[in-house]
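Some notes on the structure that comes next.
Each chain gets a letter, A, B and so on, in the order the sequences are listed, and its residues count up from 1. All of these numbers come straight from a predicted model, not from anything done at the bench.
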Number of protein chains: 2
Amino acid sequence: MPFDLRRPERAFSIRQLCLEFKCTPRALRFYEDKGLLAPARQGLNRVYSYKDRARLVLILRGKRVGLALAEIREILQLYDKTDGSAVQSATALRKFKARIVAMEQRREDIDHAIAELQDACGRLEAMLAKSRPDLLSDMADFVPQPRAAASPRHV
Amino acid sequence: MPFDLRRPERAFSIRQLCLEFKCTPRALRFYEDKGLLAPARQGLNRVYSYKDRARLVLILRGKRVGLALAEIREILQLYDKTDGSAVQSATALRKFKARIVAMEQRREDIDHAIAELQDACGRLEAMLAKSRPDLLSDMADFVPQPRAAASPRHV
DNA sequence: TTCCATCTTGACGTTAACGTAAGGCTGACT
DNA sequence: AGTCAGCCTTACGTTAACGTCAAGATGGAA
């Protein structure tokens, strides 16, 4: 037992993370190549810490919301530099705020899209309810919100 | 006056749409190539109707929320087939609902991301308020909403 | 008529984000 | 000792979404 196994979950192999997050070793190495991750090494093998794992969570979430790896890296670097000089922190703060604005814009896009899809669903259901109600029977439908709750408060 | 100019805004040249939506002619032709748009022609030239313009709005929004063109096309085709057979409509309905679920997942991702960024902002601002309050003066800050109860400090 | 801007259709180039195959190290079994 | 799984690096291939010429049609202004 070469290493601390009392808390075996404090370190992860590349395979473990890949299984957990449904991605491939190639992807993780690629992120490393691009400067988004920097796992420790045990010989040649990569050893991912909890911090690395947390970064990976951020990376994958960033990807899901449509950010490019370069943008995600920049955000992660801002996090890293949070304890730098005051001027650096001020710069970081500005960029964070810009990011937030952009994100909220995307959220509105998503709300629009959802509203439109729900609208289409509503029309389709109304149509089918008249013509072929039998086809509606096995649908796992939660009724689309009574229309009032589109996107009430902008956080 | 070759065409109806009493409502000049009912038809658009490729350039007009590009200016309005900040994209390039190449992009619009590309979308056409991929089956997302099908503008009319006047000779060789493309003439975009209001319906085409509406489709473009959907396309661009889809892009912003991270959908691939192929996915957007599928959604647009579902809209188109809404008036097809009942069975087709039922299929469309199912797919719409799946889309909605996926979209709501993305919305949660975005909410997470925003929350994290705001948390980082909060910490940075607190830090700067103590060390260099002068650097905070010119920031266009709306204070990040009081949130639920301050910020529960689990990373 | 000539010229220019704006449109068109190819066709090849580019970037991002990996996939995939080739060849090699290394520790654990058998 | 062999071999096998799992990791490594290197390097070329692939897909999406366009960008970027090149070469030609066209309609209006000088």
Give me the distances for all protein-to-nucleotides 12-18 of chain D N/O pairs that come in under 3.5 Å?
residue	atom	partner	partner atom	Å
dA17(D)	OP1	Leu69(B)	N	2.8
dC18(D)	OP1	Lys63(B)	NZ	3.0
dC18(D)	OP2	Tyr31(B)	OH	2.9
dC18(D)	OP2	Lys63(B)	NZ	2.7

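Shown here are the side-chain contact (heavy atoms from CB on, under 4.5 Å) partners of Arg53(B), two or more places apart in sequence or in another chain: Phe12(B), Leu17(B), Glu20(B), Phe21(B), Tyr50(B). Arg99(B) pairs by the side-chain contact (heavy atoms from CB on, under 4.5 Å) definition with Leu117(A), Leu67(B), Glu71(B), Glu74(B), Ile75(B), not counting sequence neighbours. With sequence neighbours excluded, no residue forms a side-chain contact (heavy atoms from CB on, under 4.5 Å) with Ala38(B). Taking Leu78(B) as the reference, Ala92(B), Lys95(B), Phe96(B) meet the side-chain contact (heavy atoms from CB on, under 4.5 Å) condition, with sequence neighbours excluded.
Between dT9(D) and Arg41(A), a contact under 4.0 Å exists linking OP1 or OP2 to a side-chain N or O. Residue Arg15(B) places at least one side-chain N or O under 4.0 Å from the OP1 or OP2 atom of dC7(C). The phosphate of dT9(D) has OP1 or OP2 within less than 4.0 Å of a side-chain N or O from Arg46(A).
The CD atom of Gln42(A) sits 13 Å away from the P atom of dT26(C) (whole-angstrom rounding). Whole-Å rounding puts the Leu56(A) CG to dC18(C) P distance at 11 Å.
Applying the salt bridge (Lys or Arg N to Asp or Glu O under 4.0 Å) test to pairs two or more places apart or on separate chains, those with a residue in residues 29-40 of chain B are Glu32(B)-Arg41(B), Glu32(B)-Arg46(B).
Under a 3.5 Å cut-off, the side chain of Glu104(A) and the backbone N or O of Val101(A) do not form any donor-acceptor pair.
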